[in-house]
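The chains referred to below are lettered A, B, ... by the order of the sequence lines, with proteins before strands, and numbering in each begins at 1.
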2 protein chains.
Amino acid sequence: MVYSIGQLSKETQCKVPTIRYYEEIGLLDKAQRSAGNQRRYTSQQCQRLHFIRHSRALGFSLDEIKQLIHLQDCQHHDAHQAHDVAQHHLADVRNKIEQLKTLEQQLLTMIDSCDVDETEDCLVLKSLNEVS
Amino acid sequence: MVYSIGQLSKETQCKVPTIRYYEEIGLLDKAQRSAGNQRRYTSQQCQRLHFIRHSRALGFSLDEIKQLIHLQDCQHHDAHQAHDVAQHHLADVRNKIEQLKTLEQQLLTMIDSCDVDETEDCLVLKSLNEVS
DNA sequence: GCTTGAACCTCTAGTTACTAGAGCTTGTAT
DNA sequence: ATACAAGCTCTAGTAACTAGAGGTTCAAGC
């Protein structure tokens, strides 16, 4: 199976300029070209793009994905390096969740303090002005 | 009290280039200048920068902060517009938390599936290759 | 074989919220 | 008077794309 960039785009739900961008930064190998200079992709490249998109959906950065791809390509890697990348990322995600929960609480407090007292000005601005 | 940009920076914990950047995009008014063209700030501007930093710490975007500042400056605003901005932001934050929790689960599943079976290759890469 | 139009090409610039560096000038303390 | 920290402007870089201009190629229908 050979894909044009548009077909690959449909297959992987990845926008055409994004595919070109991935090639540009070396995340995807340079595609073969048709006689008229248009990109042609193999099933393998299609699978790699699926891998990239799936990883992105899980929040891995392009840099992390580069590492994961390298681990895939290099046969002699330690069995647990990919595991480490994933675990590191999991820690990041948990950190972000904690931060956002704190934030959620602060916003709630701010908004609630305002609901109590409908007759006055909204206190949101006031509370943002307080030096914490 | 009159501040140089460095003093303002210390006072607000906001880096010097960031202050200049806020001026450039119109989030802070243009500062007065000394005879030698250096920026001089008043206590009012210092308070405004505190407001901006506090809002940023709560995750408001610069655009949202612009709206909030406009609401402060404009005396004739609806008492609850700031409330709305905050509530909208709260919804965003909650959304992000939900997404990250889903992600956390997927990562956990991936990593755990690998721990079960230590003798084989790490399954992280394999599971990223599966088309979900 | 010719025409049409969708899909392709490259290149540049924009997005968000800053950060870093070059090369020069000003302020202040001794 | 001098030294040097702190200031100035301008340009470019970060992450991960997205959008548009202006031109070319492919594939289908006649």
Q: Would you tell me whether A:Arg53 and A:Tyr22 have side-chain atoms, one donor and one acceptor, within less than 3.5 Å of each other?
A: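 A:Arg53 vs A:Tyr22: donor-acceptor pair found between side chains.
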Listed partners of [X] passing salt bridge (Lys or Arg N to Asp or Glu O under 4.0 Å), at least two apart:
X: A:Glu104; answer: B:Arg94
X: B:Glu98; answer: none
X: A:Arg39; answer: A:Glu23

Q. Over how many whole Å does the gap from A:Ile5 atom CD1 to D:dT25 atom P extend?
A.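 For the pair A:Ile5 CD1 and D:dT25 P, the rounded distance is 16 Å.
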Q: Specify the residues of residues 11-25 of chain B, ordered by number, for which at least one heavy atom lies under 4.0 angstrom from an atom of DNA chain C.
A: B:Lys15, B:Thr18, B:Tyr21, B:Tyr22
Q. Of the residues in residues 31-41 of chain A, which ones touch DNA chain C at a heavy-atom distance under 4.0 Å?
A.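 Contacts with DNA chain C under 4.0 Å: A:Arg33, A:Asn37, A:Gln38, A:Arg39.
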Q | Heavy-atom contact window of chain B on DNA chain C, given 5' to 3' at under 4.0 Å | A |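 First-to-last contact on DNA chain C, by the 4.0 Å heavy-atom rule, is C:dA17 to C:dG27.
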Q: For the pair A:Thr18 (side chain) and A:Cys14 (backbone), establish whether a donor and an acceptor sit closer than 3.5 Å, ignoring hydrogens and angles.
A: no
Q: Please confirm whether the backbone N or O of B:Ile5 pairs with a side-chain atom of B:Ser9, one donor and one acceptor, at under 3.5 Å?
A: no
(Q) With a 4.0 Å cutoff (strictly under), does any side-chain N or O of B:Ser4 reach OP1 or OP2 of D:dA6? (A) no
Q.
Does atom CD (B:Gln32) have a neighbourhood of more than 12 heavy atoms from anything else shown, all under 6.0 Å?
A. no
Q) Out of B:His88, B:His54, B:His89, which one pairs with B:Phe60 under the ring-ring contact (aromatic ring centres under 6.0 Å, His included) rule? A) B:His89
